[in-house]
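Take a look at the structure below.
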Amino acid sequence: MSVGIWTFAFDAAPIGQVREAAAEIEELGFDSLWFGEYPGREALTQAALLLGATSRITVATGVARFDRRSPAGVAGGARALAEAYPGRFVLGLGGHARGARPVESIRAYLDEMDAAEFTSPEPVPPARRVLAALGPRMLRLAAERTDGAHPYFVPPEHTALARETLGPDAYLAVEQGVVLDRDRGLDIARAEVGFYLERAEHHRVNLKRLGFTDDDLAGSTRLVEAVIAIGEEEIAGRVKAHLDAGADHVCLQVITDEPGLPLAGWRRLAGLLL
């Protein structure tokens with residue numbers, strides 16, 4: 001099965017530690033390394049640093065925010081990384097421009113990316129491109145204009161719907177939050193879920209689309225355990241559930257209330273899954 005690591009933790013660590021951690025993640029046997037962009041290092045620069053610190057693993061932006069850079073800029077950067085590291089870079093795109101309609105904004109952005117002209121060589125293969133997609137319209141756009149989708153903060157039920165909408169051939173890489181501390185896991189997971197429910201209306205809308213109620217969105221245990229896998233047995237089962245529902249790849253985000261890079265958690269996941 002295709003399993004990777006997803007993290008927001010890199011931005012709080014010195015780049016030397018980040019590069020060492022990326023090399024260890026590769027040595028542990030994970031096939032992909034995804035990282036978020038908010039509000040730390042510029043995504044394509046950090047991708048280049050991670051690719052340079054490793055030799056085999058795929059490095060993916062999860063996601064590079066389209067509202068932070070020009071279409072030609074991100075297209076040129078992705079081309080350069082694909083040329084320098086063939087087959088190892090995935091450009092995940094997403095973000096939220098204020099006052100804009102998301103699907104129309106991303107569609108226009110992709111139009112400008114595709115229209116940009118370059119004198120540099122065409123990379124072979126080109127960088128794989130995926131969209132942060134939750135709702136049916138964005139998933140359809142991902143299928144039409146990119147290689148696939150990268151849903152975040154979703155249960156396996158969403159993965160099944162995403163696969164149905166994308167069709168059989170699109171690449172579907174799903175982020176899954178995990179808490180390895182079984183004893184305190186529910187409290188840690190509840191705090192993580194509460195952060196998104198309070199600040200991210202698009203996630204609230206998506207969860208209601210999946211059948212969760214307003215009471216659930218107040219932070220019910222049912223919702224917390226549906227979105228975050230708690231404990232080793234549940235984590236292994238959740239990865240299988242996403243793959244059975246149609247995911248091509250599952251990238252795991254270790255959630256903890258301890259500072260620093262979650263190296264111990266990544267090592268435990270490798271022993272559990274790989």
Side-chain angles (χ1 to χ4, degrees), residues 1-13 17-37 40 46-47 49-51 53-63 88 90 92 130 150-156 158-159 171-193 195-196 224-274:
M1 57 186 174
S2 178
V3 180
I5 291 297
W6 198 107
T7 187
F8 262 133
F10 284 163
D11 283 334
Q17 292 181 17
V18 170
R19 288 164 60 86
E20 291 174 2
E24 179 170 351
I25 288 168
E26 180 175 73
E27 286 300 308
L28 288 171
F30 295 102
D31 60 29
S32 296
L33 172 56
W34 299 72
F35 64 93
E37 184 189 31
Q46 180 146 269
L49 294 167
L50 296 173
L51 287 161
T54 54
S55 60
R56 302 180 305 277
I57 199 168
T58 295
V59 172
T61 58
V63 290
R88 294 184 55 210
V90 175
V130 299
H150 175 48
Y152 182 97
F153 198 67
V154 294
H158 182 273
T159 299
Y171 180 65
L172 180 56
V174 180
E175 180 270 349
Q176 173 63 59
V178 302
V179 178
L180 285 153
D181 186 340
R182 183 73 227 181
D183 293 337
R184 297 172 50 246
L186 186 59
D187 290 339
I188 294 171
R190 193 182 301 282
E192 177 77 3
V193 170
F195 174 88
Y196 285 100
V224 171
E225 293 182 338
V227 175
I228 307 296
I230 304 171
E232 291 189 354
E233 184 175 346
E234 180 61 27
I235 291 167
R238 190 69 58 87
V239 171
K240 183 178 185 302
H242 280 296
L243 295 171
D244 288 347
D248 296 295
H249 173 74
V250 181
C251 40
L252 301 174
Q253 179 179 185
V254 173
I255 299 164
T256 176
D257 58 359
E258 298 178 356
L261 298 173
L263 293 168
W266 295 338
R267 293 164 185 158
R268 283 180 66 183
L269 288 177
L272 173 66
L273 299 169
L274 305 178

Student check: side-chain heavy atoms of L269 and V3 closer than 4.5 Å: no

Validation row: L50, V18 side chains within 4.5 angstrom (heavy atoms): yes

Donor-acceptor pair, side chain of E175 and main chain of Q253, under 3.5 angstrom: no

E24 and R267 ion-paired at < 4.0 Å: yes

Nearest-0.5 Å distance, CZ of residue F30 to CD1 of residue I57: 8.5 Å

Aromatic ring pairing W34/H150, orientation class (parallel under 30°, perpendicular over 60°, tilted between): parallel

Flag side-chain contact, heavy atom, 4.5 Å: Q46 against V59: no

Pairwise side-chain contact, L186 with V224, heavy-atom cut-off 4.5 Å (strictly under): yes

Ring geometry between F10 and F35 (parallel below 30°, tilted from 30 to 60°, perpendicular above 60°): tilted

Exam field: side chain E37 to backbone T61, donor-acceptor pair closer than 3.5 Å: no

Under 3.5 Å donor-acceptor, E232 side chain and D181 backbone: no

Side-chain (D248) to main-chain (A173) donor-acceptor, under 3.5 angstrom: no

Aromatic centroids of Y152 and W6 separated by under 6.0 Å: yes

Heavy-atom side-chain proximity of T54 to R88 below 4.5 angstrom: yes

Sub-4.5 Å side-chain heavy-atom contact between R182 and I230: yes

Note, H242 side chain near H158 side chain (heavy atom, < 4.5 Å): no

Note, L172 side chain near P151 side chain (heavy atom, < 4.5 Å): yes

